Structures are given as structure tokens and as C-alpha cells.
Amino acid sequence: MKENLLHNLKIINQRIKNACIRTGRNVDEVKLLLATKTVSAERIKIALENGETLIAENKVQELKEKYEDLKNIPHENHFIGHLQTNKIKDILKYDVSCVQSVDRLELAEKLHQRLLTEGRTMDIFIQVNTSNEESKFGIHPDLAIDLVKKVAELNSLRIRGLMTIGLFSAETEKVRACFKILKNLQQEIIRQNIPDVEVKELSMGMSGDLETAIEEGSTMVRVGTAVFGERIYPDSYYWDEGK
Ligand SMILES: *Cc1c(COP(=O)(O)O)cnc(C)c1O
């Protein structure tokens with residue numbers, strides 16, 4: 001089991017490297033984030049002990065369950081699932097350093113208020129729905145820049161980038177179109193030079209489409225299945241509200 005995991009990690013890192021080389025990018029421009037939903041703390045530990053440093057959960061419940069087992073191993077923890085405002089306290093309690101799934105002003109405002117109370121700041125990404133699928137969270141691309149401007153005024157939140165989940169499709173060009181939307185938004189935000197906004201990071205690309213995402217400018221690929229194996233639940237389970 002351990003050999004398998006280490007083998008998978010090696011292959012993923014090689015895929016990232018190959019995609020970078022092929023597209024003329026530096027290998028260190030693209031970070032690997034391990035999407036650890038349903039993965040036991042024990043297996044996550046193996047990855048962290050093997051040099052990985054960045055993990056992310058979709059559910060606050062899982063974050064909580066694995067916290068004790070992982071807290072003494074140096075790593076960075078992001079949150080990539082749909083976040084209900086009543087769980088914000090837990091996100092802070094369990095040392096999440098970045099919420100990548102900020103997709104509405106109400107969430108940003110509540111997060112900001114809580115951070116103010118605790119005298120802290122936090123990195124966030126704005127999640128954009130680039131595939132136009134109702135099942136996916138994220139702000140509509142046409143509304144994204146307006147949200148960025150409003151969130152930028154909340155001074156305990158530092159916008160560091162944009163995140164998207166590409167279309168699930170075997171047609172590469174349709175998936176690519178999603179990533180292009182995110183890249184174009186980034187360019188437009190940079191062009192508008194919005195105070196306190198730095199959108200260096202583009203979190204896009206997963207097990208099946210990371211090469212396309214890297215070709216389109218991804219700086220962070222989020223990989224689960226290709227490292228840890230298939231999950232029992234469909235992804236929609238992790239994206240649905242209230243489960
Ligand atoms: C599960 C998940 C991933 C990783 O997906 P895989 O296809 O398993 O690599 C990436 N991003 C989000 C938001 C996820 O929920």
C-alpha cells in the first residue's frame with residue numbers, strides 16, 4: 001500500500017514536470033496540492049513524510065477528524081469544498097491557511113468578521129464556475145471581478161488567486177476552454193490593478209486534466225484519485241451543500 005502511494009506520487013510529480021517542460025515553464029511554478037477527501041490520516045502522513053507539503057479537504061468534518069494525527073507534521077492545509085458560514089469557526093480552529101472556495105460575498109464577509117474577532121488574516125482564492133454546470137459551486141465568470149473588488153475591501157482577507165473545477169469531459173478542448181476563462185479573468189484583474197489584490201495563483205487541474213491546466217497557466221494542481229486511488233462516493237457528494 002505504501003509502495004503504491006509513493007509510486008503514484010512519483011508519477012504525478014513526473015507528469016507535472018513533463019507538462020512544464022513541454023510548455024516551457026519552470027517546474028517550480030506549479031505546486032502539487034493533494035486533495036485528501038476520504039483518505040485516512042495514516043496515508044496522508046506517508047505523503048507528507050515523502051516530501052509533500054500541501055493538502056486540502058472538502059469537508060470540515062474530515063478536517064476535524066484528521067487534525068490531531070497530522071498537526072505535528074509540517075504542512076499547509078487549504079480548504080477546497082463548499083463552505084457553509086456556520087463552519088467558519090472550525091476552519092480557523094483547525095489551522096486552514098487558505099480557503100480556495102470563496103464564491104460569494106456573504107461567505108467572505110462572515111469569514112472577515114470572524115478573522116477580525118481573532119485578530120488574524122487569511123489567504124483566499126475566489127472560486128469561479130467556468131463550466132457553467134449547476135452542480136458546481138463558484139461565482140459566474142461575469143460576476144467574478146465584481147466579487148473580487150468587494151472582497152478586496154475586507155482587509156483581513158488577502159486574495160491570492162482564482163480556483164476552478166474544469167468541465168468533466170473527455171473532450172480536451174472543452175476542458176481547456178474552462179481554464180482559459182480563469183486565465184483571462186486573472187489577466188483582466190491584473191490589468192485593472194485593483195488595490196490589495198494579487199492574483200498570482202491559478203488553482204486548476206485535477207488527476208485527469210492537469211496537463212491541459214498547466215498548458216493554460218495553472219500554478220497549482222489539485223490531485224486526489226491519481227495519488228490515492230478511486231473514491232467510493234461520487235464527487236457531487238463532496239460538492240453538495242449540507243452533507
Ligand atoms: C476531489 C477534488 C479534487 C481532486 O480530484 P481528483 O479527480 O480526485 O484528482 C480537486 N479539486 C476539488 C475541489 C476536489 O473536490
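Atoms within a ligand are numbered from 1 in the order they appear, just like the ligands themselves. Since we're looking at a predicted model, the values are computed, not measured. Both backbone and side-chain heavy atoms feed into the values below; hydrogens, waters and symmetry mates do not.
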If we set the cut-off at 4.0 Å for heavy atoms, which region of N58 has an atom near ligand 1: side chain, backbone, both, or neither? side chain
For V223, counting its heavy atoms only, list the atoms of ligand 1 lying under 4.0 Å from any of them. 9 (O)
Quick test of your reading of the model: are E215 and R176 salt-bridged, counting only N-O distances below 4.0 Å? yes
Would you mind running through ligand 1 and noting each atom that sits below 4.0 Å from a heavy atom of T225? 6 (P), 7 (O), 8 (O), 9 (O)
Which one holds for A35 and ligand 1: side chain close, backbone close, both close, or neither close, with close meaning a heavy atom under 4.0 Å? side chain
Is the number of heavy atoms from other residues, nucleotides or ligands under 6.0 Å of N18 CG greater than 12? yes
Rounding to 0.5 Å, atoms CG (L157) and CE (M122) come to a distance of 8.5 Å
Which of the atoms of ligand 1 are close to K37, meaning less than 4.0 Å from one of its heavy atoms? 1 (C), 2 (C), 3 (C), 14 (C), 15 (O)
If you measure every N or O of I80 against every N or O of ligand 1, does any of those distances drop under 3.5 Å? no
Verify the cluster assignment for L32 and F179: are they in a single hydrophobic cluster under the rule of side-chain heavy atoms below 4.5 Å apart? no
Donor-acceptor contact present, side-chain R15 to main-chain S207, <3.5 Å: yes
